[in-house]
Amino acid sequence: MLYPIKVADVELSQPLHDLDGLTGYWRVQALVRLHGIPIGYVNVPITNDRCLASALAHTILNDHGDKLIQTLLTNRLAQGSLQGELTLKDLVAVPSVLDTFWQQQAHYPLVTVAVCTRDRPDDMKLCLSALSKLDYPNLEILVVDNAPTTDSTRNLVEGNYPQVRYVCEPRPGLDWARNRAILEARGEIIAYTDDDVVVDPLWVKALAWVFVENPQVMAVTGLVVPYELETKAQMVFENNGGFGRGFERKWYQVHAGCAMPWHLLVQPGLFGTGANMAYRRQLFNQIGGFDPALDVGTATNGGGDLEMFYRTLKEGQVLVYEPAAIVRHRHRRDYAVLKKQITNNGSVYAYLVCSALRYPDERWTLVKLGIKWIQIWHLRNLVNTLLGVGKLPLDLVLAEAYGCWVGLFTYQKACRDVQKIIQQFGAQEMDLSARSLALSPCKPNPAVAVRTVELSAPIQPIEDIAAYPNVRIYVTWQGSAITYLDINNQYATLSTSRLCAAIVGNLALKLFCLDRPPSSSMQWFLAMADLYDCWLPTPPPQLASPRLPDTVPVSIVVATYDRPHDLPNCLNHLFALRSSRPVEIVIVDNHPSSGITPPIVAKFPNVVLVNEPRQGLAYARNAGILASTGDIIVATDDDVSPPPDWLEKLLAPFVRPDVMAVTGNTLPIQLDTFAQQLFEEWGDGGLGRGFEGFEGSPHWFERTAIHPVPAWKLGATANAAFRATVFHHPDIGLMYEPLGPGMPSGVGEDTYLLYKIMKAGFSVVYEPSAFVWHRHRRDLPALRRQLYNYSKGIVSYQLTTLLNDRDQRALKMLFRDLPGWHIQRIRQRFQKQSHHPIPLSLVEIWGHLAGPWSLWRSHQRVRAEGKSGIYIPVAERPTHQSTSP
Amino acid sequence: MLHQIQLVDIELSRPLPTLEGLHHAYLLKGLVHWQGQSLGEIYVPIVSGIASARDIYDQVLETCHWTLLMTLLKNGLASPYGPKQFTVKELLQQPPIAPPFTLTRTDAIRLREVIAYETSPHSPESVAIRTLDISQPFTAMVDVTDYFKVRIFIRWQEVLLGSVDITNYFQAVSQVQLCETIAQQLGLRLLEPDKNLSPEMRQARAIAGLRHYFLQHQPSPYPQPRLSSDVPVSIIIGTCDRPQDLRACLHSLTQQRTDRAVEIIVVDNRPNSGITPPVVAEFPQVKLVNEPRQGVAYARNAGITASSGEIVVTVDDDITAPLDWLEKLLAPFAQMHVMAVTGNVLPLELETASQTIFENYGSGGLARGFERFEGDRRWFDSFQKAGRVVPTWDFGGTANSAYRASVFNHPQVGLMHEALGPGMPSGVGEDIYLFYRLLKANLTIVYEPKAFIWHKHRASMKSLRRQLYGYSKGYVSYQLTTLFADRDPNVLKNLLVDIPFWHLSRIFNRLRRRSLYPIPLVLVEIMGHLAGPWSLWMSHRRVRQWGRSQPYIPVSQRTAASVPMHPTIHSPSPEH
């Protein structure tokens, strides 16, 4: 299940503000920019419908500190010569390398922005309003209406946007429209975009920057970010690759006449996309225009942009990916349209067929490429989806595979259609059919130009290297060489900004103090501390400061099984809790026939007692949950003693809407006996999970396909809280009855619940400040019994994820990690590196072996005794009651 | 020559002055303290008798920041007033704690939150559990005498920071022990304990805090050390019929930006051809010395013997020097213990495949990286102890080096070894053998990458092959010389095991396409290595026939008769 994510822009040169009014959103995905140059994305949680500036800054500095410093240094280097030591504070005010470039530039070349559209006036309206805000003085905007069925686009453009030129292209097909733009454009640079995007004001400035600064560059593509992530279809599209191509400028060039290297081909959208691309006009005179048999509106339904990128590179021209040129793409909101779009992904095969026909020398590579794609993309997706671990729904995978099959044959049909269209409408005024430059076969040239760049003088472009494919640049500071860079310039001049970026990439933090740089780790620490001083002078407090509103009612569910000494102590502590919200305490007696529990509970007023005769902690907790009335349900054990401030600390993370469960730390109240000490050393440290908080997010859940997700690291139901809504969520439900103490399977009901919560797309937060004191078993026989149960439970839990959730990662745990762990521990014991007695290890191995059998027995018992009831939200319950099933 | 090290005590809690007038010593060894507590020791170079406060602080921050932070934390925990905030700024300003806390100070016992669950007979190894809020002052922990060990959960007000284990052997835990253990086991987690910071960021803020405290009043531009300008210098260039290269070289040398007396001596190693004198005549201030005995070592030695500078610089004739090169090469001599300086050699051009291959040969052609380093007997011994040959070639070569003239009449060093070096059958090695002897005599060599020159690599594949053949012969000759003349214990292993293995690994990598180094060149090098012993023997024969170079006589001891200005050595001329 996916929930809306708020897409936002954060400009770091301005003071950061809290983002307000985020009701209904789960997280903020912010594009971080410095003077308009994109740095990266951050993903920040929302607390009480706000996204705090401090949380934003904290995440930005943690995730993108290095990139931020690099950008600051590049800006500074492009601005002029260095003198003495730099301080980070001064760098923030330095304009971006892009602004510096245009400040020194007197002439802005005419840029034609071409939007090709067909019958989508609503999209056009948004697109045009963004285009009219473009920050570029010498601009021509062209709307090419492709075989329109209505006049709406014409009316929209001519009625509201007098500065926009409307052109109609009657031949159906996107590439006919793109070619029409070439014929109509007056600018020397043509920037293409689609009607479903919203361009950034700096878009044209960034594109033109690359063209003007680097005369050899023929094509530029840019960054495409999502405009919104409101619906499931949009999220699936974004998670399935989206359009993002990173935040570093990349240069693509193939040595003229040489074969295309494999690494440039294997990822089809590596160079960018048609929604954000620009060309120098003269390129089309040299290698022809777009292939009208490709892309939307023809049988092939796509691939026109990819084919053009391929042809550009194959003919030895330079293509640059420039992330500062940003457009925001409105992904399809609607699932049906998304499915159609994904079917169209098969059009990449049409592009392969087209390129293979055009370049016979590349045929074999392209065939291999097609096979590779089928193997790594379609087959893998299909297998993953069938195993239940894929990210994509099955119908989308099948749609994509179908599109791939069809794509192999459509190009020839589309070519025949083109002939028909030419017969019907006539050819376009100029011949824009694809053609080849006569290139001499490639020959290696060993020459390397040797040049120097002095940092104490303004950095000038290196122009006298037209005879060299490579340059070695010695960087000097006050006449002393401090490093060198090897740049593959391919006979082209090196612009200032390219040099600056390369120098910053090589020297990085050394630039702060060139005279006598401190050690690199020291330099990193100092720079990071300065970053904090700039953007987060007072770091956020350790404890979550926003409080869950006092009106949220809470139920504390404690399951007990005949422990007359522990239970009163636990209840005493629960009554001593400091909280100003309504708190209900539910005690579940899991052994009502003994009659031990009711008299104890009777001593405490207002405690709800629920009976559950079916033995098993999962049964007992479920009974308590069914009887509870709180919005948040806290689960704890009868042998713990929580401190007074425990409850509020445990509840604090629920201010975030995406957090469905919070777990806390469990500390030993005594370590008097050897058994208690052994238990405290067992695994990751008894029941404790460390003093640093972390988050089990869906992303964490999916992070690897091999290693099992360590849900047990999050803690256990001895100290956990859940939103009541998870218990009637279709993908989660109540605790799984066959697992847990009291059942043959031993333990695992809590871990499995956390597992399912994360799998359903929610977050689980481990909050170490909410700790309880736990009394471990005092004697060795009890410890042995407990570890035996734990070992059975680990296997039962892993088998459950394998069988119920098709999570094949469990196999690695069962057959590799657990045996390896035991062998290691026994070896360490022999080497005297560990105190863990070998008999105890044998008990655990025995427990693991008994796991499958015990799980089967538990299942049998659950079948005999029936499942727990179904959780009914409080509002839907017929009468307020606390019943036992 | 005896060089002294100045010992000082540094008390960081008081502002440090810049130390001046330390002309007798070349190095400052500082024992660093914070409020009397020892933190460690630092070494700061003394340049022209000065050790600047900024240098001392830089070294303290690099070397002692961790011990300083730990000491600050410990003091903060032990403070009787209780720190208001655990930030570096606050901790640095805390008054010193009067004579460290002892066990007797348990008079004001304040019991901490005790949460023993039930009293029961303790097993002999039972562990006590305690919590401690360090935002309040605390004293010794006396209620743990029934326990073998204590686990203390440390809190800062509401925030649980972590736990520490103290094995107390049924004793009370003193306040000193508590403070030390907490500071040791929780470390920087104690700084800004109530703030949400990653461990790296805590360390970053701590170091920045220290730096701000110590360096805020220090001047930011570093004074660049310079050798006093009344020291005269001689530059020796050996040449052998390369007029164009020599002209370019002399041009760049005569343009040097310097205000000291510079004597430039060209040694013509083939005077019979008559090609060199006209070039030298174009530069009136350049002196010419003839040395008919072929060999770079002979030529350089002749130049050195004829020189009158206190510092002798040697360069090749195929180099071009930047205008500030000479002063940068001489700057390290401002430290009195430096006896030789070598610089970096960068390629003037990489036009041809052979030049590119040469630049990728070994550790990068003639370039030796951009990091300065020093070598002396200790450095020398570190390799010998590790069973490795001393990598003297890390310093570079005589293409860009400078020496105090006094080393050439040092009994353990002397002039260059005539049997080694280009021009001799042995190929190369006279420079690295000189470094070997300098290091062995415990004289310091500094590699100063700031002083770089441009070198024109051989442009044709044929001459590259010849050069690499010569290098390979020279390497073996040099190693054999250290074996026979200096009894170096690690030579045989190097020659018989390491070198063959190196060749094999290079061939293997080339076949695996991990390297671009051509196999024919590897074969040339193997041939060269095999020819090494024979060529060394040939060279020795030649030296025996021609005689050694004349010894170097210090300028002050020279008489007009002993060294003529233009020595013409009357010895049998080469046979060919």
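Chain letters run A, B, ... following the sequence lines, proteins first and then strands; every chain starts at 1. Note that these values count all heavy atoms, side chains included, but never hydrogens, waters or copies made by symmetry.
With chain A as partner, the option from B:Gly369, B:Ala128, B:Gly162, B:Ser354 having the largest number of non-hydrogen pairs under 4.5 angstrom is B:Gly162. Options B:Lys149, B:Arg205, B:His65 differ in how many heavy-atom pairs under 4.5 Å they form with chain A, and the most are formed by B:Arg205. Chain B forms more heavy-atom pairs under 4.5 Å with one residue of A:Gly690, A:Ser769, A:Ala529, A:Pro540 than with any other, namely A:Pro540. For chain A, the option among B:Arg372, B:Glu349, B:Arg189, B:Glu371 with the highest count of heavy-atom pairs below 4.5 Å is B:Arg189. Between chain B and the residues A:Pro446, A:Gly693, A:Ser521, A:Gly688, the largest count of heavy-atom pairs under 4.5 Å involves A:Pro446. Of the listed residues (B:Leu346, B:Thr356, B:Asn344), the one with the most heavy-atom contacts under 4.5 Å to chain A is B:Leu346. Of the listed residues (A:Leu526, A:Leu536, A:Asn62, A:Leu531), the greatest number of heavy-atom pairs within a distance under 4.5 Å of chain B belongs to A:Leu526.
The shortest side-chain heavy-atom distance between B:Asp58 and A:Pro518 does not fall under the 4.5 Å cut-off. Side-chain contact check for A:Pro539 versus B:Leu197: some heavy-atom pair is nearer than 4.5 Å. Contact of the A:Phe691 side chain with the B:Ser163 side chain is registered, since non-hydrogen atoms from C-beta on lie closer than 4.5 Å. Considering only heavy atoms from C-beta on, A:Ile669 stays 4.5 Å or farther from B:Ile129 through its side chain. Proximity of B:Glu200 to A:Met528: side-chain heavy atoms (C-beta onward) are nowhere separated by under 4.5 Å. Looking only at side-chain heavy atoms (C-beta outward), A:Ser480 and B:Trp325 stay at 4.5 Å or farther from each other. The shortest distance between side-chain heavy atoms of A:Ile482 and B:Phe452 does not fall below 4.5 Å.
Residue A:Thr87: no heavy atom, backbone or side chain, is found under 4.5 Å from chain B. For A:Asn445, no part lies near chain B; criterion is any non-hydrogen pair under 4.5 Å. Using a 4.5 Å cut-off between heavy atoms, B:Arg211 contacts chain A through its side chain alone, with no backbone atom that close. Looking at A:Thr476, only its side chain comes within 4.5 Å of chain B, counting heavy atoms on both sides. Only the backbone of B:Leu161 comes within less than 4.5 Å of a heavy atom in chain A; its side chain stays farther off. Residue A:Arg451 does not touch chain B at all, counting heavy-atom pairs closer than 4.5 Å. Only the backbone of B:Thr352 comes within less than 4.5 Å of a heavy atom in chain A; its side chain stays farther off. Using a 4.5 Å cut-off between heavy atoms, B:Pro322 makes no contact with chain A at all. B:Lys328 touches chain A through its side chain: at least one heavy atom from C-beta onward sits under 4.5 Å away, while N, CA, C and O do not. For a residue to count as touching a neighbouring chain, one of its non-hydrogen atoms must lie under 4.5 Å from one of that chain's; by this rule A:Glu680 touches chain B with the side chain only. For B:Trp454, the part lying under 4.5 angstrom from a heavy atom of chain A is the side chain only. Residue contact with chain A, scored on non-hydrogen atoms closer than 4.5 Å, is absent for B:Leu323. Residue A:Tyr484 touches chain B through both its backbone and its side chain, counting heavy-atom pairs closer than 4.5 Å. If you measure heavy-atom distances from B:Gln355 to chain A, you find no contacts under 4.5 Å at all. Only the backbone of B:Pro193 comes within contact range of chain A, judged by heavy atoms closer than 4.5 Å. Interface residue B:Asp324: only side-chain heavy atoms are found under 4.5 Å from chain A.
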- request: Quick one: do B:Glu351 and A:Tyr468 satisfy side chain to side chain contact (heavy atoms under 4.5 Å, CB included)? Show the steps, please.
  value: CA-CA 9 Å; B:Glu351 300 286 332; A:Tyr468 298 91; 2.3 Å; yes

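The structure places NE2 of A:His58 at 4.0 Å from CG of B:Asn196, a figure rounded to the nearest 0.5 Å. In this structure, B:Ser126 OG and A:Gln677 CD are separated by 7.0 Å, a value rounded to the nearest 0.5 Å. From B:Ile207, atom CD1 reaches atom CE of A:Met522 across 5.5 Å, with rounding to the nearest 0.5 Å.
Closest of all the heavy-atom pairs between A:Asp672 and B:Val127 is OD1-O, 3.8 Å.
The closest donor-acceptor contact from the side chain of B:Glu62 to the backbone of A:Ser519 lies under 3.5 Å.
With a 6.0 Å radius and a threshold of 12 heavy atoms from other residues, nucleotides or ligands, B:Lys195 has its NZ atom above the threshold. Shown here is B:His212, whose NE2 atom has no more than 12 heavy atoms of other residues, nucleotides or ligands within 6.0 Å.
Using bins of under 30°, 30° to 60° and over 60° for the plane-to-plane angle, the ring pair B:Phe370/A:Tyr474 lands in the tilted bin.
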